[in-house]
*Asks:* 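Can you keep this structure in mind? I'll have questions shortly.
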Amino acid sequence: MTRITIDRLSKRFEQQQVLDDLSLDIEDGHFFTLLGPSGCGKTTLLRCLAGFARPEAGRILFDGEDITAVPAYERNIGMVFQDYALFPDKSVFDNVAYGLRARKLAREGVRSRTDEALAQVDLATLGSRFPAQLSGGQRQRVALARALVIKPRLLLMDEPLSNLDAKLRLAMREAILDLQRATRITTVFVTHDQEEALALSDRIAVMQGGRLAQQGAPRELWDAPVTAYVADFIGSANLLKVRVLAPGRVAVDAAGAVVAGAGAAVHGADTGALPAGAAGLWVLRPEALQLAGASGGEGSDAAGRLPATVARRQYLGARTSYRVTLAGGQALRLEQPGPPAFEVGAAVAVLVPRDGRVVAG
Amino acid sequence: MGHTSTLPSSRPRWRPPAWLGWPWGVLSAACLAVLALFVVLPIGVLTLNSLKGPGGAFSLGGFAKVLATPEYLQAIGNTVLLSSAVTLCAVALGAPLAYLVARFDFPGKRWLAVLPLATIVIPEVIVGQSWLMVLGNNGLVSNALRELGVPVPSFYGWTGLVFSMTLVYYTYIYLGVLAALRGFDGQLEEASLSLGATPAATRWKVLLPTVAPAILVNALVVFTLAVGNFALSSMLGGGVPLLSVLTYSLFVSEVGGDPVLQSSLSVISIALVAGVLAVQKWGVERRLVHMTPGRAPAAQPVHSWRAALFAALAGGVVALSLMPLAAVLVGAFTEARGPVMHWGNFSLRSMERALSLAPEPILNSLLFATLATLAGTTLAVAVSYLVVKRKSRLSGALDVATVVPLTISGTVLGIALMQSFNTGPLVLTGTAVIMVLVYVVRRLPFGVRNASSMLYNIPSSIEEASISLGVTPLATFGKVVLPVMKGSILSAAILMWATSISELSASIVVYSGGLETMPIAIFRQVDTGRLGLASAYGTALVTLILVPVLLAPRLLKINLFSLK
């Protein structure tokens, strides 16, 4: 339906550069997520797309047409707001029909399309209710129907799930995914929740300080983060300080940390384009690390064995989370399946996998 | 979606050029122009006139004359003294009453709910007239006491002034403190008690500091109201020279003459009120405690002698507050000969005269108040929307300009408008416009405050939702914002109506033949001793205020007193 081109966009609020020369392409029909912590510029970018914020420099193109100066009410965009933004004095039906009436659609057209949109979000029977009489999930679905019923060329969602409780969030996630896959409306979704982003998106752009930190398919960002920032934001990885010896070989540089294998070297890390001698950070996902007894774990195909002490543990039901301290003092977080196996204070070994990624440190 | 046809997208339409700032920049500029013309300019003219010497040269002669004349100095001193006394008495009455109501349950407590109504429904001019009919030289109670041989001191002067103003203004303290007490988080008291403080110490150290700023803020409001008060000051002041009365009489005797002295006195009154408001803004408001609204402690039932005492107190306050209403209603149907009321002899003569022979004040009031309500509500909603939702440098200036009328008493506003629009390019004196104008300007700060507090609660996202669905910002205001604000706009309109129709101090300055309103008529009838006719107009006035105030909450399901 619509391909979006964001071309060198800049926006500042008083002293702060919120968008900094940002360029981005969004494919037609994609579910595209802007991911980042608060203040990274993701919401501002969304508001620029909607036409509520005006960039100081740069252009936005819909299917090659420059719409930077087109006001919001002529962009034909559907938007779902964090607080749902339902009109409190209008019924569910009137909320959904609002955009159709603004387009001067005939009465029957308004009715049939509105009914259809309400059915699509399982609210067919609630048309006469008012927003205050609905649950959070229902409100969210009204907001979704209201945005979709006008057949927008672009659907924008600003943290639409953040006001829902955990269970409802999962259900709404699926509903949004189904609707988007069915309509294939190009969708830009803003969130700070990496799990949401991974679950929903065709592509994710991780933003940092008004710039693009990395963009790619969910797997790409998970498996091959290019910076420590991205690695930490997606999956909250441990970042172990290392020095690159040669492509694929690193030495654990934390003072006192003993590394198994040939001297101080560890084989099998993905050092990417980092030159020999560079300082690096080894991205180690909590669930990719294994804990073994101080003398156990031999014979595994781990890249390395780091002696450590259990500092804290939390029982999480299906998993147990540990915090261990390496001999050199750095702390690592690990998650192991099953019930707790090691006591606090126990001497253990952390087994490091072979396929870890090393980013510039 | 089943429909394969694409929807008509919102068509591109003609767009005004960006430099025009359509729509909000243009609207802000328009509102600012209105305020500049009718608020800022008159004060400027007044100030310039106060600084004119003979021949129009710059001179401080006016102020020098004020400072050199004992009568004027005494009036300024008296005004400050009276306002201070009234403020203290109002706090002494209003704050404890609020505490009783917030914390205790006693018989007859719900009658106190009519108190906020009383201040809106009973215009000051009627309060003045009623106390005069009851406690004045020829008053019902004074005469009765005299017959019993009890010596009756004169009610006119300090006694009457402090007494009547306290009974009018204590409701500001009462309502303010009540709101603060109801917003008080009871857990704070429980925390204090759990930490070992006694209940008395807790009240002193935890409750009082959080309520004190509310008392202070409202006390300063009462002070400024007392400074500007004209109706009571003039009707019950006796021989006590007061700033507002003196300014008014200087104006009346000086029309067409040298406006320097009246301007100087006006500027002094503005400075006095502005000074107090500045203290409120920068000294007190910062100290207002913003509490996360918690559950206020439940009111405790009281029994036996305490219940009787509290009930008697509350009943007394309600009775005294509503007495003017009763007096004026009875007075309207009582046989009257000049200032002598034949209490007990009923007659329809006064009512008949007011309604059929001389209905002009009633018709004028209806017309002016209707126009003022329409214009004032529209302006207040527009200004508060621009200030709250469309922040810009222009709307910032607008925000400041709307506060200015708070510093001007009615008398001074009237004089300023007369000096500005009596001659020159825009002549408004002698027309209905100037009457409507004083109503609108006087009420504007309150109207804007009410509308703003509602607008702060409307998230901007619902407007953005509408805009993204293809509706222009201006149409969105009409389709989304106004419907949500409907209730509070109606409340604001009713309050605007009630205050406009009872306005006296400014309208009596600017009115001329054929423009007489009910409050002016009442004031003049009382002045010439025709209390029966005054009561009849008073009854008509109160009825016209009561009808919407009583009907609206029921018909429109709105709460008038969530505002104020």
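All of these numbers come straight from a predicted model, not from anything done at the bench. Naming convention: chains lettered A, B, ... in sequence-line order (proteins, then strands); numbering from 1 in each chain.
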*Asks:* Of the backbone (N, CA, C, O) and the side chain (C-beta and beyond), which part of Ala72(A) lies under 4.5 Å from a heavy atom of chain B, both, or neither?
*Replies:* both
*Asks:* Where along residues 83-97 of chain A does a heavy atom come under 4.5 Å of chain B, listed by residue number?
*Replies:* Asp83(A), Ala85(A), Leu86(A), Phe87(A), Pro88(A), Asp89(A), Lys90(A)
*Asks:* Go through Ala147(A), Pro71(A), Ala143(A), Ala50(A) and name the one with the most non-hydrogen pairs under 4.5 angstrom from chain B.
*Replies:* Pro71(A)
*Asks:* What heavy-atom pair brings Arg103(A) and Leu469(B) nearest, and what distance separates the two atoms?
*Replies:* NH1-O, 2.6 Å
*Asks:* Pick one of side chain, backbone, both or neither for Ala69(A), based on which atoms fall under 4.5 Å of a heavy atom in chain B.
*Replies:* backbone
*Asks:* Is Ser466(B) close to chain A through its backbone or its side chain, or both, or neither, when contacts mean heavy atoms under 4.5 Å?
*Replies:* both
*Asks:* Quick one: closest heavy-atom pair of Tyr73(A) and Val471(B), and the distance?
*Replies:* CB-O, 3.4 Å
*Asks:* Are the side chain of Arg75(A) and the backbone N or O of Gly470(B) linked by a donor-acceptor pair below 3.5 Å?
*Replies:* no
*Asks:* Go through the steps for Phe81(A) and Ile462(B) under the test side chain to side chain contact (heavy atoms under 4.5 Å, CB included), then give the verdict.
*Replies:* CA-CA 9 Å; Phe81(A) 294 81; Ile462(B) 67 168; over 6 Å; no
*Asks:* Could you name each residue pair satisfying side chain to side chain donor-acceptor pair (under 3.5 Å) that touches residues 41-54 of chain A, not counting sequence neighbours?
*Replies:* Arg47(A)-Glu464(B)
*Asks:* Please indicate whether Gln187(B) has more than 12 foreign heavy atoms, meaning atoms of other residues, nucleotides or ligands, lying under 6.0 Å from its CD.
*Replies:* no
*Asks:* Please check if the number of heavy atoms outside Arg181(A) that lie under 6.0 Å from its CZ is greater than 12.
*Replies:* yes
